[in-house]
Amino acid sequence: MLKPIDSAVVIRDGGAVGHHPGQIHEGVGWWLGACLVVTAKTPRLAVAHDGRPVSIAFADRLCRGAINAQHYACTVRFLGSRPEPELLAAASAFDAPAAWVSTKPAGDADTVRIRLYNLNGVLLDETNGLAVIRDLIERDRVPIPVNDQAKGQVVIWPPVTSQGAHP
């Protein structure tokens with residue numbers, strides 16, 4: 001693990017929470033994306049953020065981790081800046097788990113929160129996947145791609161037409 005974290009402190013409350021910089025870094029987004037895809041055994045994931053610059057960086061890394069998770073060739077539907085309820089509605093329509101990234105400015109360090117949801121729109125906890133994700137991260141067993149054909153893709157949602165507008 002190149003940049004270790006205190007996973008017992010950071011991986012909690014439905015995903016990850018921590019001060020940035022300091023307790024949490026963008027790589028945690030990658031780890032959570034890859035681990036969520038593998039623990040949920042899903043070929044689909046919906047991702048959105050609150051529009052703040054730090055959230056955008058973490059969401060980008062989360063998407064990249066998700067598309068590089070073992071053999072799942074996950075398609076991430078990236079909704080960009082959307083409210084959390086909108087993300088959950090979209091994830092339900094896509095029949096996919098979801099991840100929402102938000103940031104709360106707090107002096108010298110922002111508080112980053114990554115919330116992970118299962119296929120039924122239920123926030124992850126110790127009984128439905130979060131403990132497994134924490135264990136993968138603690139043991140430096142974050143999933144990696146098995147080959148180039150197993151790499152997924154990020155799809156901007158809703159799609160944009162050639163004229164730059166949403167259909």
Side-chain angles (χ1 to χ4, degrees), residues 1-42 44-70 72-84 87-88 91 96-119 121-146 150-154:
M1 186 178 304
L2 296 176
K3 294 177 79 176
I5 60 167
D6 185 342
S7 58
V9 171
V10 173
I11 309 300
R12 61 183 171 88
D13 297 339
V17 181
H19 298 293
H20 174 76
Q23 294 176 314
I24 192 170
H25 54 81
E26 290 91 344
V28 174
W30 177 291
W31 302 344
L32 290 176
C35 289
L36 179 58
V37 167
V38 171
T39 58
K41 297 178 174 61
T42 185
R44 293 176 296 283
L45 181 65
V47 176
H49 57 75
D50 65 3
R52 291 188 174 91
V54 172
S55 300
I56 293 168
F58 274 80
D60 175 68
R61 292 296 290 273
L62 191 145
C63 291
R64 289 196 279 156
I67 67 171
N68 282 290
Q70 290 182 346
Y72 287 92
C74 183
T75 296
V76 175
R77 289 202 177 168
F78 183 64
L79 285 79
S81 180
R82 295 279 192 277
E84 194 171 12
L87 166 68
L88 294 175
W100 193 70
V101 183
S102 63
T103 304
K104 182 178 180 184
D108 293 341
D110 296 329
T111 300
V112 176
R113 178 177 301 272
I114 302 172
R115 294 169 58 96
L116 305 175
Y117 293 90
N118 69 14
L119 186 60
V122 175
L123 189 64
L124 293 192
D125 63 24
E126 297 302 309
T127 65
N128 67 0
L130 194 60
V132 174
I133 290 171
R134 182 185 310 104
D135 184 61
L136 287 169
I137 291 170
E138 282 177 356
R139 293 185 305 115
D140 197 18
R141 297 286 185 231
V142 174
I144 59 173
V146 292
K151 187 172 183 173
Q153 63 179 336
V154 177

Report task. Can you run down the ring pair (Phe, Tyr, Trp, His ring centres under 6.0 Å) pairs that involve residues 44-66, sequence neighbours left out, and say none if there aren't any? Result -> His20-Phe58, His49-Phe78
Report summary line: With sequence neighbours left out, the residues meeting side chain to side chain contact (heavy atoms under 4.5 Å, CB included) with Leu119 are Asp95, Pro97
Query raised in the report: Partners of Ser7 by side chain to side chain donor-acceptor pair (under 3.5 Å), sequence neighbours excluded?
Result: Glu138
Report task. Quick one: list whatever passes salt bridge (Lys or Arg N to Asp or Glu O under 4.0 Å) with Arg52, sequence neighbours left out. Result -> Asp50
Report task. Please test Tyr72 against Thr42 for side chain to side chain contact (heavy atoms under 4.5 Å, CB included), starting from the C-alpha separation and ending with a verdict. Result -> CA-CA 7 Å; Tyr72 287 92; Thr42 185; over 6 Å; no
Query raised in the report: Going through the checks in order, is the ring-ring contact (aromatic ring centres under 6.0 Å, His included) test met by His25 and Trp30?
Result: CA-CA 10 Å; His25 54 81; Trp30 177 291; over 10 Å; no
Report task. For side chain to side chain contact (heavy atoms under 4.5 Å, CB included), just list the numbers for Leu136 and Thr39, CA-CA rounded to whole Å, side-chain angles, deciding distance to a tenth of an Å, and then say yes or no. Result -> CA-CA 10 Å; Leu136 287 169; Thr39 58; 4.0 Å; yes
**Report entry** Worked check of side chain to side chain contact (heavy atoms under 4.5 Å, CB included) between Asp6 and Gln23
**Finding:** CA-CA 7 Å; Asp6 185 342; Gln23 294 176 314; over 6 Å; no
Query - Partners meeting salt bridge (Lys or Arg N to Asp or Glu O under 4.0 Å) with Asp60 (sequence neighbours left out) - result: Arg64
**Report entry** Contact check, side chains of Leu62 and Val76, non-hydrogen atoms, under 4.5 Å
**Finding:** no
What pairs of donor and acceptor atoms, side-chain ones from residues 123-132 against any protein atom, are under 3.5 angstrom apart with sequence neighbours left out?
| from | atom 1 | to | atom 2 | distance (Å) |
| --- | --- | --- | --- | --- |
| Asp125 | OD1 | Thr127 | N | 2.8 |
| Asp125 | OD1 | Thr127 | OG1 | 2.7 |
| Asp125 | OD1 | Asn128 | N | 3.2 |
| Glu126 | OE1 | Arg134 | NH1 | 3.0 |
| Glu126 | OE2 | Arg134 | NH2 | 2.6 |
| Asn128 | OD1 | Asp125 | N | 2.5 |
| Asn128 | ND2 | Leu123 | O | 3.4 |

Table please: side-chain donor-acceptor pairs of residues 101-110 below 3.5 Å, with sequence neighbours left out.
| from | atom 1 | to | atom 2 | distance (Å) |
| --- | --- | --- | --- | --- |
| Thr103 | OG1 | Ser55 | N | 3.3 |
| Thr103 | OG1 | Ser55 | OG | 2.5 |

Just list the side-chain donor-acceptor pairs under 3.5 Å for residues 12-19, sequence neighbours left out, or say none.
| from | atom 1 | to | atom 2 | distance (Å) |
| --- | --- | --- | --- | --- |
| Arg12 | NE | Val9 | O | 2.6 |
| His19 | ND1 | Thr111 | OG1 | 3.4 |

Query raised in the report: Where do Ala96 and Ala46 come nearest, in terms of heavy atoms and distance?
Result: CB-N, 4.3 Å
Query raised in the report: Out of curiosity, Lys151 NZ to Asn68 CG, how far, rounded to the nearest 0.5 Å?
Result: 5.0 Å
Report task. Any chance you could measure Ile24, atom CD1, to Leu32, atom CG, to the nearest 0.5 Å? Result -> 7.0 Å
Requested in this report: Kindly compute the distance separating CG (Leu45) from CG (Leu36), expressed to the nearest 0.5 Å.
Outcome: 5.5 Å
Query - Heavy-atom pair of closest approach, residues Gly51 and Ile56 - result: O-CD1, 3.6 Å
Query - Sequence-distant partners of Ala48, side chain to side chain contact (heavy atoms under 4.5 Å, CB included), two or more places apart - result: Leu79, Arg82, Leu87, Trp100
Report task. Check the pair Ile137, Val142 against side chain to side chain contact (heavy atoms under 4.5 Å, CB included), reporting the backbone distance first and the verdict last. Result -> CA-CA 6 Å; Ile137 291 170; Val142 174; 4.1 Å; yes
Query raised in the report: Do you know the tightest heavy-atom contact between Cys74 and Val37?
Result: SG-CG2, 3.8 Å
Query - Tyr117: partners by side chain to side chain donor-acceptor pair (under 3.5 Å), with sequence neighbours left out - result: Glu84, Arg115
